[in-house]
Amino acid sequence: MLNGQVSHWWEQIGVPEPRPKLRGHSTVDVAIVGAGFTGLWTAYYLAKANPDLDIAILEARHVGYGASGRNGGWLTNTITAGANHYLKTHAVQQINDFQLAMNRTVDEVINVCAAESIDADILRGGEFEVAYTPAQERRLRAHAEANKSWEHTGTMLLDSTEALNKINVAGTRAALWHPHAARIHPAKLVRGLAEAVERLGVKIYEDTRVKAIRPRQLELDGGTVNATYIVRATEGFTAQLAGHKRLWLPMNSSMIVTEPLPESVWDELNWSAGEVLGDYAHVYMYAQRTADDRIAIGGRGVPYKYGSRTDMDGQTPQSTITGLQEILQRMFPQTQQAKIAHAWSGVLGVPRDWAATVGLDQQTGIGWAGGYVGTGVATTNLSGRTLRDLILGQETGLTRLPWVNHEVRKWEPEPLRWLATKGLYAAYGQADRSELKGREKSSTLALIADKITGKP
């Protein structure tokens with residue numbers, strides 16, 4: 001079994017050839033910090049809208065090194081904090097518009113891939129989430145009922161028989177499905193998108209670490225970049241920038257992928273239409289059937305490291321690998337003998353209120369997007385189109401969506417941040433264990449943890 005080395009996705013297709021470094025002093029129209037999905041989509045739409053712009057993307061390692069090349073490959077329509085998060089501050093119609101924009105974003109990514117000849121193993125099968133304990137079923141059914149209040153969610157509630165006929169997850173009591181999701185290969189998408197922006201004249205510099213972001217200027221290791229506009233697209237690595245230590249929590253997430261499974265196993269699982277799969281546990285899992293017939297499954301391992309540290313190489317503790325393998329085998333007993341081919345980890349950005357944000361400060365020229373809490377594969381595309389409109393000074397339906405220029409308070413200082421995160425995830429884990437033993441209702445521990453964290 002491989003452990004670390006960025007991700008299975010990059011190991012499968014090969015890490016890209018190194019691009020040039022940027023040193024010294026230079027000036028561009030738009031400087032983007034981070035060559036993940038957010039930075040690449042922003043560059044793509046800006047270059048398409050105005051080919052005369054001089055755009056540079058600066059990346060500390062290589063394109064897609066962070067969450068964009070390590071995630072579970074869920075291209076889905078999720079509003080990061082959930083629709084209810086915005087009820088106190090925005091009209092219902094604005095929130096419905098937000099959901100419709102996310103639905104259309106899934107289509108947009110698929111359409112751009114077709115237009116740019118990006119083969120990212122996309123298979124649109126919808127999002128399928130199961131409940132396999134009484135408490136999970138209560139939460140799932142409550143979510144299904146809440147969705148009736150909103151337009152455009154497209155969710156269908158499935159009973160046990162209907163759900164098992166769709167994907168044979170052992171012990172399924174009920175499920176939710178909606179059509180606005182697709183399976184993708186993250187590294188293939190990020191590689192293809194990087195090549196597309198370079199064809200448009202955008203310059204990508206790798207091995208170029210930005211130390212600090214100031215109004216109209218970036219400080220590098222060995223130089224500066226002056227720019228009319230700067231976009232901070234650093235997601236889980238944002239805490240490494242000067243002055244941003246407490247902005248977003250770098251939350252750790254881990255994945256394993258099996259060896260290719262035989263057709264006999266897939267015949268039993270009946271998982272064939274490209275559905276992305278999740279559950280209703282407090283410490284939830286996410287999975288996909290890959291194009292080469294593996295199961296890739298992820299979840300939280302060690303959720304947070306003291307001082308907002310990030311693990312760069314993706315090395316994953318054996319206890320986390322074992323925990324994910326137990327989830328895999330509980331949901332799919334047919335995989336008991338399947339070998340794990342690769343394990344890896346990465347960080348994602350978590351705002352204090354779990355709500356993603358995109359915006360631009362016209363006075364400083366600094367734009368930003370992120371805090372996706374794991375929902376970034378699609379949301380980054382919406383970020384890119386929104387930043388395009390903000391930078392070009394165009395007021396559009398996208399710039400009026402509820403998350404635009406949304407700001408939240410910072411996370412608590414250490415050691416409070418570490419103690420709280422460790423304690424809260426211990427509470428979630430204990431709640432899941434009690435529910436697996438038959439607890440009928442959501443654990444009080446988990447409800448308290450949700451209240452403290454602001455988790456939707």
Side-chain angles (χ1 to χ4, degrees), residues 30 32-34 36-43 45-46 66-68 71 76-91 94-102 105 210 213 215 229-241 243-251 308 347-392 394-412 417 453-456:
V30 181
I32 298 171
V33 185
F37 286 141
T38 299
L40 292 168
W41 281 123
T42 302
Y45 288 110
L46 277 172
S68 298
N71 63 78
T76 190
N77 72 338
T78 304
I79 294 176
T80 306
N84 288 345
H85 175 84
Y86 298 97
L87 273 174
K88 292 182 180 179
T89 55
H90 292 80
Q94 289 177 288
I95 304 169
N96 282 325
D97 290 345
F98 196 1
Q99 185 62 74
L100 181 59
M102 285 303 306
T105 295
V210 173
I213 298 177
Y229 291 103
I230 291 168
V231 174
R232 188 187 74 235
T234 46
E235 188 57 355
F237 296 105
T238 301
Q240 296 180 1
L241 293 168
H244 291 75
K245 194 79 169 180
R246 292 166 51 199
L247 183 61
W248 293 334
L249 193 83
M251 186 72 75
S308 293
V347 292
L348 46 94
V350 181
R352 190 62 182 84
D353 65 353
W354 294 69
T357 176
V358 60
L360 175 67
D361 183 334
Q362 288 286 358
Q363 286 192 326
T364 63
I366 298 173
W368 68 88
Y372 304 117
V373 199
T375 67
V377 178
T379 314
T380 49
N381 177 277
L382 185 59
S383 294
R385 287 181 285 133
T386 305
L387 282 165
R388 171 202 60 197
D389 294 348
L390 292 170
I391 289 170
L392 296 180
Q394 299 172 350
E395 184 177 346
T396 67
L398 298 185
T399 64
R400 291 189 292 269
L401 292 176
W403 70 322
V404 176
N405 291 320
H406 171 71
E407 296 183 14
V408 297
R409 66 183 176 91
K410 293 182 177 180
W411 284 88
E412 291 74 9
R417 194 160 69 245
T453 61
K455 183 178 176 183

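Hydrogens, waters and symmetry mates play no part in the numbers below; they use all other heavy atoms, side chains included.
Considering only residues two or more places apart in sequence or on other chains, E407 meets the side chain to side chain contact (heavy atoms under 4.5 Å, CB included) condition with W368. Under the side chain to side chain donor-acceptor pair (under 3.5 Å) criterion, S68 pairs with no residue, sequence neighbours left out. Under the side chain to side chain donor-acceptor pair (under 3.5 Å) criterion, T105 pairs with R385, not counting sequence neighbours. For Y229, the ring-ring contact (aromatic ring centres under 6.0 Å, His included) criterion is met by no residue, not counting sequence neighbours. For D97, the side chain to side chain contact (heavy atoms under 4.5 Å, CB included) test picks out Q93, L401, with sequence neighbours left out. Contacts of T38 classified as side chain to side chain donor-acceptor pair (under 3.5 Å), with partners at least two apart in sequence or in another chain: Y372. T234 is linked by a side chain to side chain donor-acceptor pair (under 3.5 Å) to T238, counting only residues two or more places apart in sequence or in another chain. When the side chain to side chain contact (heavy atoms under 4.5 Å, CB included) test is applied to Q363, the partners found at least two apart in sequence or on another chain are D361. For T78, the side chain to side chain contact (heavy atoms under 4.5 Å, CB included) criterion is met by T76, E127, T375, not counting sequence neighbours.
At a threshold of 4.5 Å between non-hydrogen side-chain atoms, the residues R400 and Q94 do not count as touching. Looking only at side-chain heavy atoms (C-beta outward), T379 and W403 come within less than 4.5 Å of each other.
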- Verdict with supporting geometry, L398 and R388, side chain to side chain contact (heavy atoms under 4.5 Å, CB included): CA-CA 10 Å; L398 298 185; R388 171 202 60 197; 4.2 Å; yes
- Steps toward side chain to side chain contact (heavy atoms under 4.5 Å, CB included) verdict (I95, N84): CA-CA 9 Å; I95 304 169; N84 288 345; over 6 Å; no
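A donor-acceptor distance shorter than 3.5 angstrom exists from the side chain of T386 to the backbone of L382, with no hydrogens or angles considered. Listed for the E235 side chain is no donor-acceptor partner under 3.5 Å among the backbone atoms of G370. Although no hydrogens or angles enter the test, the distance criterion places a donor-acceptor pair under 3.5 Å between the side chain of R417 and the main chain of E412.
A donor-acceptor contact under 3.5 angstrom links the side chains of N381 and Y45, judged on distance only. For the residue pair T396 and D389, a side-chain donor N or O sits within less than 3.5 Å of a side-chain acceptor on the partner.
Closest of all the heavy-atom pairs between T42 and G384 is OG1-CA, 3.5 Å. The shortest non-hydrogen separation linking I213 to R232 is CD1-CG, 3.7 Å. For V358 against A369, the heavy-atom pair with the smallest separation is CG2-CB, 3.9 Å. The two residues P351 and V373 make their nearest non-hydrogen contact at CD-CG2, 3.8 Å. Residues T357 and N405 approach most closely at OG1-C, 4.3 Å, considering heavy atoms.
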For residues 244-251, which side-chain N or O atoms pair as donor and acceptor with protein atoms under 3.5 Å away, sequence neighbours left out?
| unit_1 | atom_1 | unit_2 | atom_2 | d |
| --- | --- | --- | --- | --- |
| H244 | ND1 | A242 | O | 3.0 |
| K245 | NZ | G307 | O | 3.1 |
| R246 | NE | W411 | O | 2.5 |
| R246 | NH2 | W411 | O | 3.0 |

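H406 and H90 have their aromatic ring centers separated by at least 6.0 angstrom.
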